[in-house]
Amino acid sequence: MSPSTETTTQLKPWKNLLCQHSKSSLFSPNNFMKGILVICIFSALPLHLYFSANFHGLIPDGCPECTPAFGRQAIQYDHHGRTNISHILFGIGGSAESWGQRRYYCQLWWKPHKHRGFVWLDKKPNPWPETSPPYKVSSDTSRFKYNCGDASRSAVRIARIVKESFELGLKDVRWFVMGDDDTVFFAENLVNVLSKYDHNQMYYIGSHSESVEQTLTHSYSMGYGGGGFAISYPLAAELVRILDGCIDRYADFYGSDEKISGCMSEIGVPLTKELGFHQMDIQGNPYGLLAAHPIAPLVSLHHLDNFQPLFPDITRIDSVKKLIKAYKSDPSRALQHTFCHDLSRNWSVSVSWGYTVQLYPFLVTKKVLSIPLRTFATWRTWSQEPFTFDTRPMSSDPCEKPVVFYFDRVKDVRNKKTLTSYKIVDDPNNETRCEREDYTAAYLVKGFKVLAGFLDPQVWNKAPRRQCCEIMNGSDKPAGVLQIRIQTPPLRS
Ligand SMILES: *[C@@H]1O[C@H](CO)[C@@H](O)[C@H](O)[C@H]1NC(C)=O
Ligand SMILES: *[C@@H]1O[C@H](CO)[C@@H](O)[C@H](O)[C@H]1NC(C)=O
Ligand SMILES: *[C@@H]1O[C@H](CO)[C@@H](O)[C@H](O)[C@H]1NC(C)=O
Ligand SMILES: *[C@@H]1O[C@H](CO)[C@@H](O)[C@H](O)[C@H]1NC(C)=O
């Protein structure tokens, strides 16, 4: 199966989906099935924006923006050394009922003796898999207000995970990282991204939704919970102090992440956007998005149960495993995009390292190559557009489509280099072939081999810049396999 938009054409009625939400997986699929219809955020947002000051109880006491970090509690923690995985405490929003299914994603990335954190559940599970992170049962939240109609009150419980995690008082925690039970984190890259920031300052780091219909309904300025967000220790200390009040003040906000962002507004800390956190509020085929990753390390993927598998012809879980295999061999380079042109044939090649290669048997500018192909649709209404980033249509004309190759395997070669191979999954058949001469030559290519040096994680502490590649001559061995070399310029100090 090649990337296509076929499955994305089905239109869903907008009104049935108003509160169908992306964030906590606790909320989406089941509630969607039950047909929950809540419109609180639609009606509530303008109220908050324009009239909330008139409503008793909506304004916090005092001035949270003025409280110095650690104003109330002087907490000792390690100020020294580069941030590593031990400095992160994960808080994963789960439920006893859904964990049986969701644990498979978590187990793909969670390393029992390396990672610190808990899955927070609504009740005691029975039994608990040994390969899962340890669990905690959240405390009772029935005393809090929740005014988002029939939507799930578990948003309150999940919003409080950061507080309950903080109050465990674990040593040397620099960052609290929140995620859903269907979030896959790429932990080395997460650490690398967080290590850019001074954990002694107040930081709220994450990213927003891909679908404009989501950002309009919820927010452009919050860290979406499924993509995951990170809160530095001093900010968590302040958040914990006011969180319970926020939960009541933002009682008509749908999701846990929205309630947290309400609190962040009171503290006065904006979201620092990092483009590697992926909420994945999309439907259909994620191919186009992952084949054109922004120039930033891959930190998370979410909603893997909601769209098609990342690779054709294998299951969702196996797809993620495959991507992780490439990722492990060179974390910083995973999904990094490079382009090369062969001017002797006028070919354009786009490489998304560890995922896919696209071959166009004509010249395509780098600007166009950098834009994701729209193989996917928006989250709630399955519309073609709009997204919160540029997209370009995937043509149905075989004479405009790229010939697509998918990641197959990776080999570590000597001197800190990797050799990844990509193969064609579906030979274009008679109906989907372009009969033009330039395509006939392109169809003879059966695969690519890409040689690249390890990408030094320090690259991501410098100004971001795409790397370039070149197509090697005369080494078509085995027949029909093109060799590409990604150039890795030395780091400037
Ligand atoms: C992380 O750094 C701390 C020092 O801040 C050190 O004690 C700890 O062993 C390190 N952990 C890992 C996994 O490197
Ligand atoms: C490549 O494209 C250029 C400009 O479009 C054209 O002049 C040239 O003849 C083409 N070369 C080949 C080998 O097709
Ligand atoms: C379909 O393709 C095969 C080879 O791929 C070829 O042998 C056959 O003649 C084609 N059929 C038609 C109707 O073009
Ligand atoms: C490949 O050969 C062409 C001429 O045939 C040359 O212009 C180009 O620089 C060569 N590329 C590499 C990577 O050697």
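Counting starts at 1 for both ligands and their atoms, in listed order. Values in this document were obtained by computation on a predicted structure and should not be read as measured data.
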> Do you see a protein non-hydrogen atom under 4.0 Å from atom 4 (C) of ligand 2?
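False for atom 4 (C) of ligand 2.
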> In terms of relative ring orientation, are Tyr355 and Tyr287 parallel, tilted or perpendicular, with 30° and 60° separating the classes?
tilted
> SG to SG, are Cys246 and Cys263 under 2.5 angstrom apart?
yes
> Does the structure place the NZ or CZ of Lys136 under 6.0 Å from the centre of the six-membered ring of Phe118, at an angle of no more than 45° from the ring's axis?
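Here Lys136 passes the 6.0 Å and 45° test against Phe118.
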> Mind checking whether Lys114 has a heavy atom under 4.0 Å from ligand 1?
no
> Can you list the atoms of ligand 2 that are under 4.0 Å from a heavy atom of Ser344?
13 (C)
> Please check if the distance between the ring centroids of Tyr224 and Phe229 is under 6.0 Å.
no
> Say whether Ser86, considering both its backbone and side-chain N or O atoms, lies within less than 3.5 Å of an N or O atom on ligand 1.
yes
> Hey, does Asn346 come in under 3.5 Å of ligand 2, counting only N/O atoms on both sides?
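So ligand 2 has an N or O lying under 3.5 Å from an N or O of Asn346.
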> Is it the side chain, the backbone, both or neither of Arg82 that has a heavy atom closer than 4.0 Å to ligand 1?
neither
> Please name all residues satisfying ring pair (Phe, Tyr, Trp, His ring centres under 6.0 Å) with His115, sequence neighbours left out, ordered by chain then number.
Phe90, Trp109, Trp110
> When you measure from atom 7 (O) of ligand 2 to the protein, is at least one non-hydrogen atom found at a distance under 4.0 Å?
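No, there is no protein heavy atom closer to it than 4.0 Å.
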> For Ser300, which residues count as a side-chain contact (heavy atoms from CB on, under 4.5 Å) partner, sequence neighbours excluded?
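Ser300 satisfies side-chain contact (heavy atoms from CB on, under 4.5 Å) with Thr183, Phe185, Phe277 once adjacent residues are dropped.
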> Which option out of Asn84, Val191, Asp172 puts a heavy atom nearest to atom 2 (O) of ligand 1?
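The nearest heavy atom belongs to Asn84.
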